[in-house]
K.L.:
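Would you mind keeping the following structure in view while I ask a few things?
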Amino acid sequence: MASRSITILGATGSIGLSTLDVVRRHPGRFSVYALTAGTRSEELAALCREFRPKVAVMADAQAAEKLTELLWELPDISVLSGEPGLCDVASAPEACTVMAAIVGAAGLAPTLAAVRAGKRVLLANKEALVMSGKLFMDAVSASGAELLPIDSEHNAIFQCLPPDKIRDPDAAGITRVLLTASGGPFREHTSEALRSVTPAQACAHPNWSMGQKISVDSATLMNKGLELIEACWLFNVTPDRIEVHVHPESIIHSMVEYADGSVLAQLGSPDMRTPIANGLAWPERIDAGVAPLDLFRIGRFHFERPDLERFPCLRLAAEAFEVGGTAPAVLNAANEVAVAEFLKGNLAFTDIPVVIQRTLAATPVVPADSFDIIFAKNSEARQRAQEQIALLTV
Ligand code: NAD
Ligand code: MG
């Protein structure tokens with residue numbers, strides 16, 4: 001069997017490292033064509049020494065220069081930089097699979113490059129799809145790219161759908177999608193207690209070990225809002241057919257309800273290597289190194305409705321999707337800026353939704369007719385979000 005050659009965008013992150021862990025377990029099956037990272041040259045150099053990619057890319061020229069120095073003993077590895085370098089390795093003919101695991105809007109251009117080149121695209125970077133929605137899905141259809149969801153909920157839904165009707169819910173007889181959510185670390189906090197939570201508390205997720213940005217998104221429930229939008233696009237369902245179920249054990253990763261009353265669920269330990277291995281090997285199944293599920297130990301499952309009063313980000317995301325056009329791109333940009341400022345200690349946790357709401361109000365919505373419009377709105381919304389933060393913090 002010829003090995004499947006992979007580009008990993010965001011190799012030094014939580015998803016990138018989990019992907020490499022699965023790759024490491026199957027040396028004959030996968031080979032690494034390219035690895036990319038933002039600023040951490042030393043970490044990428046160590047991964048290059050182990051996985052020997054043909055190309056390594058850093059987000060900027062300075063970090064790339066440092067990587068070149070660190071890799072002096074491996075001159076066969078080409079080092080590239082910036083968005084052109086990222087798009088290059090995402091679309092290169094040498095790679096058939098691209099793991100899209102850069103965090104945030106920075107991942108849109110390279111993920112899109114992989115889509116346009118018709119790759120198997122393993123989509124972790126949900127922000128790319130949230131920002132550009134229909135344009136992104138149209139690009140998938142036009143190129144024939146194979147888009148496989150890596151987000152655990154969407155990978156679960158994907159596994160519970162008939163493979164030939166992934167984007168045809170009526171033909172599949174689907175009545176509802178039950179999107180599960182852990183509820184995050186502050187599920188039982190009062191509104192008052194939420195005001196003073198710290199970045200360290202927000203990043204200490206009870207069930208999942210993830211990057212900082214998605215950890216904060218899980219704590220505000222914006223992650224579930226982004227995932228609601230992601231599910232609408234991936235599976236061609238309307239939001240009224242998606243119901244969020246807070247399930248604090250994080251064992252059921254999501255469910256699909258059918259017209260005959262059947263509800264199919266995908267279960268597993270909360271470990272991203274399961275959906276990653278599913279995407280890498282699909283339609284085959286391979287060892288992911290994940291501990292077997294011990295239901296006797298877990299004992300009970302619980303479900304509750306999300307509280308949109310304490311966690312308004314979920315409602316803001318649903319509203320932005322209903323408004324359509326560039327609203328989801330603005331929502332995403334404002335959230336990224338607000339979360340970054342919260343992580344730096346410059347913004348209260350409870351002001352994250354305030355900044356998003358005010359940025360949405362201050363940024364006119366236009367039809368999302370082109371990727372250029374999406375990129376422009378993303379920049380505009382970032383600036384508006386910074387203005388709103390400055391007003392809040394004076
Ligand atoms: P992370 O912060 O751990 O890693 C992000 C990666 O992107 C790193 O390799 C970083 O170097 C790179 N990067 C950051 N900014 C960049 C830039 N401007 N240009 C180029 N590269 C840049 O994040 P993560 O938790 O691995 O999440 C990655 C994506 O996967 C996110 O979109 C997240 O929503 C999604 N996701 C993550 C998980 C999880 O369990 N971690 C689960 C579902 C979905
Ligand atoms: Mg998820």
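Keep in mind the model is a prediction, meaning the values are calculated, not measured.
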K.L.:
Does one side chain, of D240 or T238, offer a donor that lies under 3.5 Å from an acceptor on the other?
P.N.:
yes
K.L.:
Tell me, do Y258 and L161 make a side-chain contact under 4.5 Å, heavy atoms counted?
P.N.:
yes
K.L.:
For L80 and D88, what are the C-alpha separation, side-chain angles and deciding distance, and is it a side chain to side chain contact (heavy atoms under 4.5 Å, CB included)?
P.N.:
CA-CA 9 Å; L80 306 176; D88 222 57; 4.0 Å; yes
K.L.:
Hey, is D372 close enough to K377 for a salt bridge, meaning N to O under 4.0 Å?
P.N.:
no
K.L.:
Hey, are the side chains of E336 and E127 touching, using non-hydrogen atoms and a 4.5 Å cut-off?
P.N.:
yes
K.L.:
Quick check: closest heavy atoms across V57 and G82, and the distance to 0.1 Å?
P.N.:
CG1-O, 4.1 Å
K.L.:
Apply side chain to side chain contact (heavy atoms under 4.5 Å, CB included) to I276 and L280, showing your working.
P.N.:
CA-CA 6 Å; I276 290 168; L280 282 171; 3.8 Å; yes
K.L.:
Ion pair present between E146 and K119, side-chain N to carboxylate O less than 4.0 angstrom?
P.N.:
no
K.L.:
Assess whether atom CD of E309 is packed by more than 12 heavy atoms of other residues, nucleotides or ligands within 6.0 Å.
P.N.:
no
K.L.:
Give a yes or no on this: more than 12 heavy atoms of other residues, nucleotides or ligands lie within 6.0 Å of atom CD of Q201.
P.N.:
yes
K.L.:
Checking N236 side chain against R167 main chain: does a donor-acceptor pair fall under 3.5 Å?
P.N.:
yes
K.L.:
In this structure, would V263 and V256 fall into the same cluster of hydrophobic residues linked by side-chain contacts under 4.5 Å?
P.N.:
no
K.L.:
Determine whether a donor-acceptor pair (N or O, by modelled atom type, separation under 3.5 Å) exists between the side chain of R120 and the backbone of W282.
P.N.:
yes
K.L.:
Can you check whether G10's main-chain N or O pairs, donor with acceptor, with T36's side chain at less than 3.5 Å?
P.N.:
yes
K.L.:
Is the shortest side-chain heavy-atom distance between V354 and T350 below 4.5 Å?
P.N.:
no
K.L.:
Using every non-hydrogen atom in the two residues, find where A385 and T359 come nearest and quote the distance to one decimal.
P.N.:
CA-OG1, 3.4 Å
K.L.:
Test your reading of the model: is there a side-chain donor-acceptor pair from R52 to the backbone of R49, 3.5 Å cut-off?
P.N.:
yes
K.L.:
Between P364 and T326, what is the shortest heavy-atom contact and its length?
P.N.:
O-OG1, 4.1 Å
K.L.:
Can you tell me if CZ on R4 sees more than 12 non-hydrogen neighbours from other groups inside 6.0 Å?
P.N.:
yes
K.L.:
Take S182 and H205, measure what side-chain hydrogen bond (donor to acceptor under 3.5 Å, both in side chains) needs, and give me the verdict at the end.
P.N.:
CA-CA 9 Å; S182 68; H205 196 279; 3.0 Å; yes
K.L.:
I want to know whether F186 and F349 have ring centres closer than 6.0 Å.
P.N.:
yes
K.L.:
If every non-hydrogen atom of A95 is compared with every non-hydrogen atom of I6, which pair is closest and at what distance?
P.N.:
CB-C, 4.4 Å
K.L.:
For residues Q383 and V337, determine if any side-chain heavy atom of one lies less than 4.5 Å from a side-chain heavy atom of the other.
P.N.:
no
K.L.:
Is there a side-chain contact between K126 and E227 in this structure, where contact means two heavy atoms from C-beta onward sitting under 4.5 Å apart?
P.N.:
yes
K.L.:
Got a salt bridge between E42 and K66, using NZ or NE/NH1/NH2 to carboxylate O under 4.0 Å?
P.N.:
yes
K.L.:
Kindly give the heavy-atom pair with the smallest separation between H189 and A193, and that separation in Å.
P.N.:
CD2-CB, 3.8 Å
K.L.:
Can you find a pair of side-chain heavy atoms, one from S152 and one from W208, that are under 4.5 Å apart?
P.N.:
yes
K.L.:
Are R305 and E243 close enough for a salt bridge, meaning some N to O gap below 4.0 Å?
P.N.:
yes
K.L.:
Say whether M58 and F51 are linked into one hydrophobic cluster, either directly or through other cluster members, by side-chain heavy-atom distances under 4.5 angstrom.
P.N.:
yes
K.L.:
Treat each ILVMFWY residue as a node, draw an edge where side-chain heavy atoms are under 4.5 Å apart, and state whether I166 and F136 are in one component.
P.N.:
yes
K.L.:
Walk me through whether D271 and S269 qualify under side-chain hydrogen bond (donor to acceptor under 3.5 Å, both in side chains).
P.N.:
CA-CA 6 Å; D271 187 324; S269 299; over 6 Å; no
K.L.:
Would I77 and V55 count as a side chain to side chain contact (heavy atoms under 4.5 Å, CB included) here? Give the steps.
P.N.:
CA-CA 5 Å; I77 301 180; V55 192; 5.9 Å; no
K.L.:
Can you measure from CZ (F158) to CD1 (I150) and round to the nearest 0.5 angstrom?
P.N.:
9.5 Å
K.L.:
Check the hydrophobic clustering (I, L, V, M, F, W, Y; side-chain heavy atoms under 4.5 Å; chains of links allowed) and say if I242 and M137 are grouped together.
P.N.:
yes
K.L.:
Could you walk me through whether L293 and I251 pass the side chain to side chain contact (heavy atoms under 4.5 Å, CB included) test, one step at a time?
P.N.:
CA-CA 9 Å; L293 192 57; I251 299 297; 3.7 Å; yes
K.L.:
Are there more than 12 heavy atoms of other residues, nucleotides or ligands under 6.0 Å from atom CZ of R195?
P.N.:
no
K.L.:
Provide the closest heavy-atom pair for L9 versus P110 in the form atom of the first, atom of the second, distance.
P.N.:
CD1-CB, 3.9 Å
K.L.:
Short question: side chain of R310, backbone of R187 - any donor-acceptor pair under 3.5 Å?
P.N.:
yes
K.L.:
Measuring from atom OG of S254 to atom CD1 of I157, what distance do you get when rounded to the nearest 0.5 angstrom?
P.N.:
4.5 Å
K.L.:
May I ask you to decide if the ring planes of F301 and H247 are parallel, tilted or perpendicular, using 30° and 60° as cut-offs?
P.N.:
perpendicular
K.L.:
Are I286 and H26 packed together at the side-chain level, in the sense that at least one heavy-atom pair is separated by less than 4.5 angstrom?
P.N.:
yes
K.L.:
Where do N335 and D217 land on the side-chain hydrogen bond (donor to acceptor under 3.5 Å, both in side chains) test, with the steps shown first?
P.N.:
CA-CA 8 Å; N335 180 55; D217 286 350; 3.0 Å; yes
K.L.:
Do T175 and E257 pair up side chain to side chain, a donor and an acceptor below 3.5 Å, judged on atom types alone?
P.N.:
yes
K.L.:
With a 6.0 Å cut-off (strictly less than), is the heavy-atom count around CD of Q62, excluding the residue itself, greater than 12?
P.N.:
no
K.L.:
Donor-acceptor pair, D60 side chain versus A63 backbone, under 3.5 Å?
P.N.:
yes
K.L.:
Same cluster or not: F371 versus L147, using hydrophobic residues (I, L, V, M, F, W, Y) connected whenever any side-chain heavy atoms lie under 4.5 Å apart?
P.N.:
yes
K.L.:
Would you check if M222 and L331 make a side-chain contact, meaning some heavy-atom pair closer than 4.5 Å?
P.N.:
yes
K.L.:
Below 4.0 angstrom, N of the basic side chain to O of the carboxylate: do E284 and R29 qualify?
P.N.:
yes
K.L.:
Apply salt bridge (charged side-chain N to carboxylate O under 4.0 Å, His left out) to residues D369 and K134 and explain how you reach the verdict.
P.N.:
CA-CA 9 Å; D369 287 339; K134 183 173 185 314; over 6 Å; no
K.L.:
Treating T180 as the side-chain partner and H253 as the backbone partner, does any N or O pair qualify as donor plus acceptor under 3.5 Å?
P.N.:
yes
